[in-house]
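Here's the structure, in structure tokens; my notes come after.
Counting starts at 1 for both ligands and their atoms, in listed order.
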Amino acid sequence: MKVKQVDEGKISKYILKFTFEDWENIIDSDVIIVGAGPSGMTAAYYLAKAGLKTVLFERRLSFGGGIGGGAMLFHKIIIESPADEILKELGIRLVKAEEDVYAVDTAEFMAKLASSAIDAGAKFIHGITVDDVIFREEPLKVAGVAVEWTATQMSGLHVDPIFISAKAVVDATGHDAEVISVASRKLPELEISIPGEKSAYSEVAEQQVVDGTGKVAPGLYAAGMAVCEIKGLPRMGPIFGAMVLSGKKVADEIINDIRKS
Ligand code: 48F
């Protein structure tokens with residue numbers, strides 16, 4: 001077998017060329033999703049499948065958010081109906097525990113969710129932290145985000161971010177609702193108050209997260225555990241049906257809003 005010879009200069013040149021092509025393209029996106037957990041990746045799948053230019057920024061260098069940790073590191077997560085239909089659509093295998101309740105392997109869940117969203121056309125970029133939003137007045141709306149390398153943030157260096165515009169921004173950052181928190185603090189005119197998440201009550205939390213998913217302010221949406229934080233809802237632990245249903249619900253609402261506008 002003859003291996004093609006590629007020198008270091010070319011390796012670097014192609015990496016920079018194609019990276020910057022991607023960045024130029026995403027600088028003006030339809031939808032920005034923050035967080036590659038179950039809700040963010042499900043939203044990315046449905047938004048990209050609908051033909052919207054969708055970029056997902058993830059702070060870490062991995063997919064899955066809270067999926068990978070399973071339940072106290074046990075590699076199973078529980079899914080209840082009707083979320084099983086979404087997992088089946090993505091080819092994720094489920095083992096029936098009882099009527100309408102299933103167990104899923106964490107590695108398969110996060111890998112297939114990520115690959116489905118990417119195959120549908122969503123662009124995932126790792127190692128990026130979203131630390132602020134862009135806003136506009138008259139009408140008041142969120143119009144994008146400020147992004148910084150996670151590594152730069154960790155270093156504590158004083159470095160300005162770059163900005164990415166979008167018609168919709170989804171906070172899928174999990175328990176801390178980081179994007180909505182910064183918007184609430186820096187833009188009081190958005191009138192977002194954050195009561196904080198409650199202790200566990202899985203049976204009611206799943207339904208309430210799905211019901212509470214959606215628009216928080218013009219251009220700004222919440223999905224997944226971020227909904228608990230901003231609506232004062234209980235946590236539910238390692239049952240994830242609501243996370244994927246929330247991702248689908250936020251995608252449907254954004255598709256509808258963008259088509260209307
Ligand atoms: O926490 P996470 O998995 O969010 P989720 O979709 O799902 C929650 C469940 O995993 C679990 C649960 C269900 O019962 O309680 O916790 O709501 O994923 C959030 C992702 O967002 C990234 C973070 O690294 C994680 O992968 N993230 C958080 N803040 C930022 C961020 C930020 N400011 N910029 C970029 N990524």
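- Note that CE of M236 and CD of Q207 are 11.0 Å apart. Values are rounded to the nearest 0.5 Å.
- Rounded to the nearest 0.5 Å, atoms CG (L245) and OG1 (T42) are 8.5 Å apart.
- Counted by atom type alone, Y45 and E89 present one or more donor-acceptor pairs between their side chains at under 3.5 Å.
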- Item | Worked verdict on K17 versus E21 for salt bridge (Lys or Arg N to Asp or Glu O under 4.0 Å) | CA-CA 6 Å; K17 172 176 152 60; E21 271 182 25; 3.4 Å; yes
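- Of all protein heavy atoms, the one lying nearest to atom 21 (O) of ligand 1 is G35 CA, 3.1 Å.
- Taking a 4.0 Å cut-off on heavy atoms, M243 registers as neighbouring ligand 1.
- Remark: distances from the non-hydrogen atoms of V147 to ligand 1 are all 4.0 Å or more.
- The shortest N or O to N or O distance between G237 and ligand 1 is under 3.5 Å.
- Considering E178, Q153, H126 in turn, E178 is the only one that fulfils the side chain to side chain donor-acceptor pair (under 3.5 Å) rule with R59.
- Between the CD1 atom in I32 and the OH atom in Y221 there is a gap of 12.5 Å [rounded to 0.5 Å].
- Of all protein heavy atoms, the one closest to atom 3 (O) of ligand 1 is G66 N, 2.7 Å.
- Considering backbone and side-chain N/O atoms, P238 never comes within less than 3.5 Å of an N/O atom of ligand 1.
- Counting heavy atoms under 4.0 Å from ligand 1, residue D131 does not touch it at all.
- Just one of T173, I33, I164 meets the side chain to side chain contact (heavy atoms under 4.5 Å, CB included) condition when paired with F57; it is I164.
- Among protein heavy atoms, the minimum distance from atom 20 (C) of ligand 1 is reached at E58 OE1, 3.6 Å.
- Residue H175 places a heavy atom under 4.0 Å from ligand 1.
- Scanning the protein heavy atoms around atom 31 (C) of ligand 1, the nearest turns out to be R59 CB, 3.8 Å.
- Ranking the protein heavy atoms by distance from atom 5 (P) of ligand 1 puts S39 OG, 3.7 Å first.
- In terms of protein heavy-atom proximity, atom 8 (C) of ligand 1 is closest to M225 CG, 3.4 Å.
- Checked by atom type and distance alone, the side chain of S155 pairs as donor or acceptor with a backbone atom of T152 at under 3.5 Å.
- Looking from atom 9 (C) of ligand 1 to the surrounding protein, the closest heavy atom is F240 CZ, 3.5 Å.
- Both the backbone and the side chain of T129 come within 4.0 Å of ligand 1, judged by heavy-atom distances.
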